[in-house]
Amino acid sequence: MSTFDDLDLDDRVRKVVSDLGYETPSPIQAETIPSLLAGRDVTGQAQTGTGKTAAFALPILSRIDLDAKKPQALILAPTRELAIQVAEAFQRYAANLPGFHVLPIYGGQSYGPQLSGLRRGPHVVVGTPGRLIDHLERGSLDLSGLTNVVLDEADEMLRMGFIEDVEKILQAVPESRQVALFSATMPKAIRSISQSYLHNPVEVSVKSSTATATNINQRYWPVRGVHKLDALTRILEVESFDAMIVFVRTKQLTEELTEKLQARGFSAAAINGDIAQAQRERTIGHLREGRIDILVATDVAARGLDVERISHVLNYDIPHDSESYVHRIGRTGRAGRSGEAILFVSPRERHMLRSIEKATRQSISQMELPSVEAVNDQRLARFAQSITDTLANGELSLFQDLVQEYERTHDVPAAEIAAALASMVQGDRPLLLEPEPEPTENSKRSGKAQAFEISGDETAVFRVEVGRRNRVTPSALVGALANEGGVPSKRIGHIDIRAEHTLVELPAELPDDLLRKLGKTQVAGRGLRIRRAGDEVLDRSGNGRPRKPGRDKFKGPRKGQRSSGGVRSGASKRPAREHS
Ligand code: AMP
């Protein structure tokens, strides 16, 4: 297995990676970073969660010229959310590069800050295709100094109807640039981009293992509503387990999570690659002997770990590839026993779950988090049990005398004295969990479109009140539904644009919250006012997706309509006047 030291990264970049607690390069990183550093074009078949952002960001940062005034790297991303995420990752990885400047550019944001950001001469620009084209056409984005182009989630850009925009940008960049193309899948249109615009690319795909582990019961919990730490503690309180390994992504997280668990009264310890071998073995010895029950570990530290009493593996952070997953869960079910594997999956990591299922050829069933009542029932039962155990141990005569003495002199019933003593034992920590808070505020506050969980595969036809007369385009609609409404773009089906309105095929079970939110979203200057289509029939042959984008795409006053190029929620959309 390679380490970051084996890669020829700039020392300052390597230092950040180590400060971030990354122990080893993920498979996609190990395979692409050397080629990118050697100046080769690369296609990488990899999804979110595999560490692909660092796979392209670290080599770019290793060779960045901090004195240059024109953008040197351009990253194309399908959504505003991803553009921001990638820009944040660049900023993080550039922590030791003084003066480094990355600028995210996406539709829906006003032009003012983007224009002044561009004037300041960012080293790296991360943008959605529509808005990047707008800036190219305005002359505000200078690509003449570009050395690197990255297409991130290329298949998603294709799905969202951006592929012409992507090509147009690729045609506008200098011939000598290096291109890296990342895509979860490699449909024909993406291959043809690769053939036309990449020079003899190195092709990398993260292979998946096909191991099966039939004695391990696998479940996943879709992260929502409850923080992962609270979810973990509920599971620890309610599941009966012997010993558990909790996997996290970085060394720091092993320490942080261990401290938090200890503060909540669990006997946990951390192991990671920074802890000396002797100490690691001591900790594992403690686990084996039952002196601790929970080990918080990174993949590296837990490699080969063989402790029979590990009944549960909990993937607190989803692993980067299915091989790691198979490795992790193999820490339980040792010596012919059965084991339990639990996986936390946040909305953006759903595809990783699918690829793990595919690789292991087993389906992973969804689990319900133990309810507040179940947790409280357990707590009360444990509380009662500890009284029973203490009584059974005997040797209470001194305390019994004290209580009786107190009862006599203060004239207080024994039950009240017992209650006071119980409260002393419990201390500040509340004995019972509070009922669950309402989960929706977070997403409202962050202002980002939340990826909604939509159950069921059934689709239905919805009607929105914008049509050909408003010059709406399929990509504008997809952009609005995906970026503003958080409808997973994979779940947006045919689009049938009529004169005054449009029919769209969407999941039948759209949550009410989402419908309300979408209803207020504006496309082509009009509210969508989305509702179910009644008995109108959608024409699947015509102008629906997948589409050939219209030739008139770059003419006329339609900037605001391109999907990431100006779909706005509940605001008037006149780009020129958006300097707020
Ligand atoms: P990505 O696939 O780029 O979205 O990355 C997924 C997550 O993995 C991000 O939270 C990164 O910070 C983290 N990450 C990336 N590379 C590594 C690594 N080598 N070791 C540990 N974590 C990593």
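This chain uses plain numbering: 1 for the first residue, then up along the sequence. Computed from heavy atoms alone, side chains included, the values below leave out hydrogens, waters and symmetry copies.
Residues L432 and V375 have side chains not in contact (no heavy-atom distance under 4.5 Å, counting atoms from C-beta outward). Side-chain contact check for R350 versus Y220: some heavy-atom pair is nearer than 4.5 Å. The shortest distance between side-chain heavy atoms of F241 and D293 falls below 4.5 Å. Using a 4.5 Å cut-off on side-chain heavy atoms (C-beta onward), D165 and L132 make no contact. Between L229 and R264, some side-chain heavy-atom pair lies under the 4.5 Å cut-off. Between V126 and V124 the shortest side-chain heavy-atom distance falls below 4.5 Å. I60 is not listed as a side-chain neighbour of L36, based on a closest heavy-atom distance of 4.5 Å or more. Residues L82 and R348 have side chains in contact (heavy-atom distance under 4.5 Å, counting atoms from C-beta outward).
E31 places no side-chain N or O within 3.5 Å of a backbone atom of V204 that could act as its donor or acceptor partner. Distance alone, capped at 3.5 Å, places no donor-acceptor pair between the D242 side chain and the S311 backbone. Using a distance-only test at 3.5 Å, with no hydrogens or angles considered, a donor-acceptor pair links the side chain of T147 to the main chain of Q72. In terms of modelled atom types and a separation under 3.5 Å, the side chain of T360 and the main chain of I356 share a donor-acceptor contact. The backbone N or O of N272 lies less than 3.5 Å from no partner atom in the side chain of T254, so there is not a single donor-acceptor pair. With hydrogens and angles disregarded, a donor-acceptor distance shorter than 3.5 Å links the side chain of R280 to the backbone of I275. Looking at R331, its side chain never comes within 3.5 Å of a backbone N or O of D306 through a donor-acceptor pair. Within the 3.5 Å criterion, the main-chain N or O of G127 finds no donor-acceptor partner in the side chain of R80. R14 places a side-chain N or O within donor-acceptor distance of the main-chain N or O of L7, the cut-off being under 3.5 Å. A distance-only check finds no donor-acceptor pair linking the side chain of T332 to the backbone of I329 [under 3.5 Å].
Annotation for V16 and N96: closest pair CG2-ND2, 3.3 Å, computed over non-hydrogen atoms. When every heavy atom of A77 is checked against every heavy atom of P129, the shortest pair comes out as O-CD, 3.3 Å. Closest approach of K251 and T298 over heavy atoms only: N-CG2, 3.8 Å. Smallest separation of non-hydrogen atoms from L295 and I292: CD1-CD1, 3.9 Å. Smallest separation of non-hydrogen atoms from E505 and T459: OE2-OG1, 3.4 Å. Shortest non-hydrogen contact noted between T79 and T128 is C-CG2, 3.5 Å.
Using the six-membered ring where Trp is involved, Y316 and F344 have ring planes that are tilted, between 30° and 60° apart.
In this structure, T250 OG1 and L20 CG are separated by 8.0 Å, a value rounded to the nearest 0.5 Å. Rounded to the nearest 0.5 Å, atoms CE (M157) and CD1 (I163) are 6.5 Å apart. Note: E237 CD to L232 CG = 10.0 Å, rounded to the nearest 0.5 Å. From L181, atom CG reaches atom OG1 of T43 across 6.5 Å, with rounding to the nearest 0.5 Å. The CG atom of D5 lies 11.5 Å from the OG1 atom of T24; values are rounded to the nearest 0.5 Å. Here CG of D321 is found 8.0 Å from CG of D299. Values are rounded to the nearest 0.5 Å.
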- request: Show your working on side-chain hydrogen bond (donor to acceptor under 3.5 Å, both in side chains) between E255 and T258 and close with a plain yes or no.
  value: CA-CA 5 Å; E255 310 278 356; T258 301; 6.0 Å; no
field: Pair N315-R328, side chain to side chain contact (heavy atoms under 4.5 Å, CB included): steps then yes or no
entry: CA-CA 8 Å; N315 296 277; R328 286 178 176 189; 2.9 Å; yes
Worked check of side chain to side chain contact (heavy atoms under 4.5 Å, CB included) between I245 and V296: CA-CA 6 Å; I245 297 204; V296 184; over 6 Å; no
task: Start with the C-alpha distance between I75 and F56, add both sets of side-chain angles, then the distance that settles side chain to side chain contact (heavy atoms under 4.5 Å, CB included), and finish with yes or no.
output: CA-CA 10 Å; I75 323 297; F56 60 78; 4.0 Å; yes
- request: Run the numbers on Q385 and R382 for side-chain hydrogen bond (donor to acceptor under 3.5 Å, both in side chains), then give the verdict.
  value: CA-CA 5 Å; Q385 188 60 44; R382 265 202 309 276; over 6 Å; no
- request: Might you work through the salt bridge (Lys or Arg N to Asp or Glu O under 4.0 Å) test for R234 and E368, ending with a clear yes or no?
  value: CA-CA 11 Å; R234 283 200 205 177; E368 293 292 329; over 6 Å; no
message: If you apply the rule side chain to side chain contact (heavy atoms under 4.5 Å, CB included), what do you find for D317 with L253, and how did you get there?
response: CA-CA 10 Å; D317 294 327; L253 281 170; 3.6 Å; yes
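Remark: R63 does not engage D10 in a salt bridge, criterion side-chain N to carboxylate O under 4.0 Å. Under a 4.0 Å N-O distance rule, the pair D155/R159 does not qualify as a salt bridge.
With no hydrogens or angles considered, no side-chain donor-acceptor pair links S192 and Q195 at under 3.5 Å. Between N148 and R177, the side chains place no donor N or O within less than 3.5 Å of an acceptor N or O (distance only, hydrogens not considered). With hydrogens and angles left out, the side-chain atoms of Q218 and Y325 include a donor and acceptor closer than 3.5 Å. Using modelled atom types, one finds no donor on one side chain facing an acceptor on the other under 3.5 Å when comparing Y106 with E81. In this structure, a donor-acceptor pair under 3.5 Å is present between the side chains of N217 and E340. Side-chain atoms of R219 and S365 include no donor-acceptor pair closer than 3.5 Å. Between Q277 and E281, the side chains place a donor N or O and an acceptor N or O closer than 3.5 Å (distance only, hydrogens not considered).
Annotation: ring-ring contact (aromatic ring centres under 6.0 Å, His included) contacts of Y93 (sequence neighbours excluded): none. A search for salt bridge (Lys or Arg N to Asp or Glu O under 4.0 Å) contacts involving K52 returns D152, E153, not counting sequence neighbours.
Counting non-hydrogen atoms of other residues, nucleotides and ligands closer than 6.0 Å to CG of D8 gives a total of 12 or fewer.
Listed by first then second residue, pairs satisfying ring-ring contact (aromatic ring centres under 6.0 Å, His included) with a partner in residues 4-42 number zero, not counting sequence neighbours.
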